[in-house]
Amino acid sequence: MRTALVYHEDMTAPRLLWEDPECEIERPERLTAAMGLLQQRGLEQRCLRLAAREASEAELGLVHSPEYVALMRGTQALGTEELRALSGQYDAVYLHPSTFHSARLAAGAGLQLVDAVLTGAVHNGLALVRPPGHHSQRAAANGFCVFNNVAIAARHAQQKHGLHRILIVDWDIHHGQGTQYTFEDDPSVLYFSWHRYEHGRFWPYLQESDAVAVGQGRGRGFTVNLPWNQVGMGNADYLAAFLHVLLPLAFEFDPELVLVSAGFDSAIGDPEGQMQATPECFAHLTQLLRVLAGGRVCAMLEGGYLESLSESVCMTVQALLGDPAPPLSGPMVPHRRQRLKSFRMSEASQVPHWTSLQQQDSAPVLNPSTRSPEGRPSPLLSEGPEFKAAAAQATVALSSLLDRLHLRPMPPVRTAVALTSRDAALALPPEVTHQEGSALKEETQSWASLHEALAEDKAASALGKVLNLLDRILDGQVSSGIAATPASAAVAILDVAIRCGLSRGAQRILCVAVGQLDRPSDLADDGRNLWLNIRGKEAAALSMFHVSMPLPGTAGGFLNFLLALVLPLAYSFRPDLVLLALGPDHGLQDPQAALLASLLRAPAGCRVLALVDEESTPQLAGVLAQVLHGEAPPSLGPLCVASPEDTQALMHLRGQLEPQWKMLQVAGSAAPPP
Ligand code: X5A
Ligand code: ZN
């Protein structure tokens, strides 16, 4: 069991006892519906089920004042009118006689989850709780929240487990101001939150929710706010925020644990958020977070108030379990205005604190003090024509969208390997299937007439295995695979794999070739394959579908390339298959190769075929099999910063490719804002 699910039925008890339009959306059915769908999908059964325990008053005291805890304890004995009067002293709060018990369970669930992950009982997990926590403050309930579950879990991880660096990712659509206040002067907790803001005109209407709030004292730079100033943000916006704002900082911070304030009111159909991100987006966000902290991710439910809540919860659990994330629907075009304004503002505010931002930003950034506050709210779809079309397409009826999600079957085999060297099997996880099959002799022979290199027996047999794996991936039997190829035939096998893939049903194939692997010269440049050569001779985009980049000389440079170039390209291209070829001279350390493979899973629904050189070490094959199988890659550890050469090459390529690939366009990029 790799994933814990923490729950207790008693948390369905609190409910609103009087009329209050603001609070009525926070209902018991939120939990019962989410648990119900998890069971229906067979996901709950695959998790380690833990019954939530109550947090002790001492544990609540990690964040809250004793007086406040005592006041809440006292609510158990109050009548409806007294509860109503006390509730009225807080902003958007209702109390019920069961609230104190339920809130202690919610906080306790987070503690159990953190304990399970940090003792190694599980890799990650989700706590399904009510009431939520991230608005709650030292001595105040707020926004349906009574105790700050995530903040208490973070303090507990510090005190009981001695952690020094904890990342909190708050993807709820409201600003977790309670969490921000708790850690604003603490550099050991990095708090990232995106939230609907609309220039301060959305609840909780706070100035300190803006991007210029970066923390205080020693904690400066450890609060990162990304306000959304218009509704309608979608998958591309959320992904871009992760790739361009959160993840560079998170890798530099190098957390030992990731806590997620997992509110799903940021999903499509939610009455609070009014955003457009589809439930699958949360599988992608979760998958991206799993590359941090050795995969130690603890998610705790915050908000989420309509039908997409259950679906989004399922997507999150699937990704925690390591299942393939369904490809994202809708055009991968982030909102232009949002990108230029908010991303820039977030980055500008953070630049003094993070070296990874300083080097990426060769273009001038806005100074926070010179920003002009916008007077008018910007209505949805107030952007250029490019964007209007994109947004219109993204507006899919929720029900039909949810239907489609169920129709996509999960391949019965997650990872299959066809390796030549026998001892490679030693490093493989036991669940990995060995692939003995091969394509027909006649087929491999016919390809030898196109490529001399394939005439050799060894090459022909490797090709046979690759084509067999490819077929099984394309017909949905296998999710991902690894095969060994001889150096002399690597390019020829790639060429044949691309041609066969395209003729057998793949619409678009992304080929990431690491090492001196030249693009096959007569491969069509028709938009159906995107060739990315890492460790090419120079940084050059020979066409929008043929990109060559030198291997970054530094770990930081490599990471920047992945986050700022490879992944945005991959997400923009929307491949339905990724071919990842590691040539004999690929030059990557095993953890880097693992990170690359792990990150490339997401954009293609986890259909990845990795081709490794037959002389590769068993360790490399083993770690690739693990990440393709859905395990988290090993943490990279502290990063050395990118060299100026690496940064220059990256900026050059981004400048060339940005006009065509919209996911590349972000703040601080080479192209000046209009
Ligand atoms: C946890 C959460 C929202 C409160 C909204 C009040 N709270 N208008 O999503
Ligand atoms: Zn919320």
Side-chain angles (χ1 to χ4, degrees), residues 11 14-16 18-31 33-34 63 87-96 99 102-103 106-107 109-110 126-137 140-153 168-182 191-198 200-206 209 225-228 231 233 238 259-277 279 281-282 285 299-310 312-313 316:
M11 289 186 285
R15 60 193 172 84
L16 183 60
W18 51 86
E19 190 117 318
D20 181 347
E22 189 174 17
C23 291
E24 70 189 9
I25 54 176
E26 205 294 293
R27 293 195 301 246
E29 297 78 47
R30 297 177 57 235
L31 285 192
V63 168
S87 301
Q89 297 190 9
Y90 303 110
D91 184 8
V93 168
Y94 71 89
L95 296 164
H96 181 272
T99 291
S102 192
L126 171 71
L128 271 186
V129 300
R130 281 177 75 235
H134 70 153
H135 299 303
S136 153
Q137 299 149 39
N142 183 284
F144 317 151
C145 301
V146 177
F147 299 128
N148 196 317
N149 311 316
V150 165
I152 293 167
I168 299 177
V169 177
D170 189 336
W171 73 42
D172 186 281
I173 207 56
H174 301 96
H175 181 218
Q177 84 279 36
T179 311
Q180 174 169 313
Y181 300 154
T182 306
Y191 176 65
F192 170 87
S193 173
W194 67 35
H195 33 269
R196 179 172 171 189
Y197 187 58
E198 297 175 296
R201 283 186 291 272
F202 187 69
W203 190 90
Y205 317 104
L206 300 170
S209 306
N225 282 329
L226 180 52
W228 301 117
V231 297
M233 295 298 135
Y238 286 5
L259 300 177
V260 185
S261 265
F264 298 99
D265 40 16
S266 43
I268 188 167
D270 192 279
E272 281 287 306
Q274 305 284 324
M275 296 299 176
Q276 297 274 355
C281 193
F282 296 97
L285 301 180
M300 296 176 215
L301 182 66
E302 300 280 1
Y305 304 100
L306 213 76
E307 56 258 56
S308 57
L309 167 66
S310 315
S312 303
V313 166
T316 303

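Just follow the structure's listing: the first ligand is 1, and inside any ligand the first atom is 1. For reference, positions follow the sequence shown, starting with 1. Bear in mind that the values here come from a model prediction, so they are computed numbers and not experimental data.
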Determine the interplanar angle of the H175 and H195 rings, folded into 0 to 90°, and report it as parallel if under 30°, tilted if 30 to 60°, perpendicular if over 60°. tilted
Nearest 0.5 angstrom please: E22 CD to D91 CG, how far? 6.0 Å
Which word best sums up how the rings of W171 and F282 line up, parallel for under 30°, tilted for 30 to 60°, or perpendicular for over 60°? tilted
Just how far is it from atom CZ of R15 to atom OG of S102, taken to the nearest 0.5 Å? 13.0 Å
For the Zn ion (ligand 2), report each protein N, O or S atom nearer than 2.8 Å, sorted by chain and then by residue number. D172 OD1, D172 OD2, H174 ND1, D265 OD2
Test R196 against V231 for side chain to side chain contact (heavy atoms under 4.5 Å, CB included), laying out the working first. CA-CA 7 Å; R196 179 172 171 189; V231 297; 3.3 Å; yes
For ligand 1, what N or O to protein N or O distances fall under 3.5 Å?
{"from": "ligand 1", "atom 1": "7 (N)", "to": "H135", "atom 2": "NE2", "distance (Å)": "3.3"}
{"from": "ligand 1", "atom 1": "7 (N)", "to": "G143", "atom 2": "O", "distance (Å)": "3.0"}
{"from": "ligand 1", "atom 1": "8 (N)", "to": "E22", "atom 2": "OE2", "distance (Å)": "2.7"}
{"from": "ligand 1", "atom 1": "9 (O)", "to": "H174", "atom 2": "ND1", "distance (Å)": "3.1"}
{"from": "ligand 1", "atom 1": "9 (O)", "to": "D265", "atom 2": "OD2", "distance (Å)": "3.0"}
{"from": "ligand 1", "atom 1": "9 (O)", "to": "Y305", "atom 2": "OH", "distance (Å)": "2.7"}

Inter-residue atom distance D265.CG - Q274.CD, 0.5 Å rounding: 11.0 Å
So how far is it from M275 CE to M233 CE, rounded to the nearest 0.5 Å? 6.0 Å
Please work out which of the three classes, parallel, tilted or perpendicular, describes the rings of H135 and H174, given edges at 30° and 60°. perpendicular
Spacing of S87 atom OG and L16 atom CG [to the nearest 0.5 Å]: 8.5 Å
